[in-house]
Amino acid sequence: MFFSKERIDISAFLPKAGTDADAVSMYAEFARGSSDGRAVKKVSIESYVEMAESIIRRIVDSMPAQWPVHRVDFVHRIGTAKPGEALLVAAVRASGRTAAFEACTYLIEELHRAAPIWRKEHFADGTSQWIGGAAPEPGEEPRGRP
Amino acid sequence: MSLMNGNVKIRIKFFGALRDLTGLDEFELELPDRIHCDAIFNCLRRKFKQLGPVLQHSTIAVNGMYAARYARLHGGDIVAVLPSFGAD
């Protein structure tokens with residue numbers, strides 16, 4: 001399961017001592033407090049979860065063939081988040097910093113390109129706006145290493 | 001499975017702004033068997049005139065996989081209409 005309705009505890013993703021890899025690349029996104037000069041009160045995160053889970057699984061499964069990746073931890077928030085709360089966290093454990101950085105970047109870029117996930121920012125002035133949503137090619141499969 | 005009139009039932013799922021604008025997250029449409037995905041857009045434009053701009057930037061997934069507009073639909077398919085607003 002890559003989605004959680006609960007608040008994400010980033011500290012749970014901090015690297016722990018291990019002998020299988022010498023580098024961990026971490027990435028997190030947070031609900032922002034303002035957008036285009038407007039104060040954000042809260043953010044709703046929505047997904048076509050069954051489809052997004054399958055796409056994220058394919059992305060993660062495609063990583064070890066491209067980099068010496070040993071472990072991938074990933075979670076995406078759904079539901080409602082307050083500004084400052086984490087919306088997603090990824091931690092990629094690999095052999096070597098280049099592999100860790102590249103694989104983590106690949107995961108996030110593919111996620112945003114292909115996974116059906118949307119955010120709705122609710123502003124303090126009562127208005128709101130949708131952002132996000134994937135627009136991949138039909139028959140979507142994760143793209144390989146650039 | 002075809003109905004008596006040769007049509008089939010397709011389940012439509014709306015997300016994000018599409019659900020906001022229609023108040024619907026899921027419903028059924030009765031359409032001719034093997035109709036193109038593209039026809040779904042035309043059908044939805046007629047049924048929900050308020051969706052025009054959002055539908056222009058939406059893609060379709062059939063049974064959990066992104067589908068080409070010329071792909072054909074069959075009875076029992078689940079069609080998700082997925083709006084895209086670009087990255088923030």
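Shown here are the ring-ring contact (aromatic ring centres under 6.0 Å, His included) partners of A:Phe30, two or more places apart in sequence or in another chain: there are none. With sequence neighbours left out, B:Phe48 forms a ring-ring contact (aromatic ring centres under 6.0 Å, His included) with B:Phe14, B:Phe27.
Contact of A:Trp118 with chain B is made through the side chain alone, with heavy-atom distances under 4.5 Å. The part of A:Ser47 that comes within reach of chain B is its backbone (N, CA, C, O), which places non-hydrogen atoms under 4.5 angstrom from that chain.
Considering only heavy atoms from C-beta on, B:Val54 stays 4.5 Å or farther from A:Trp130 through its side chain.
Here B:Leu82 contributes atom CG and A:Met51 contributes atom CE; the two are 5.5 Å apart, rounded to the nearest 0.5 Å.
Within 6.0 Å of CD on A:Glu6 lie no more than 12 heavy atoms contributed by other residues, nucleotides or ligands. Heavy atoms from other residues, nucleotides or ligands lying under 6.0 Å from CZ of A:Arg7 number 12 at most. Atom NZ of B:Lys13 is surrounded by more than 12 heavy atoms from other residues, nucleotides or ligands within 6.0 Å.
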Quiz item: Yes or no on side-chain contact (heavy atoms from CB on, under 4.5 Å) for B:Tyr66 and A:Ile55, after CA distance, side-chain angles and deciding distance?
Solution: CA-CA 11 Å; B:Tyr66 289 107; A:Ile55 287 171; 3.8 Å; yes

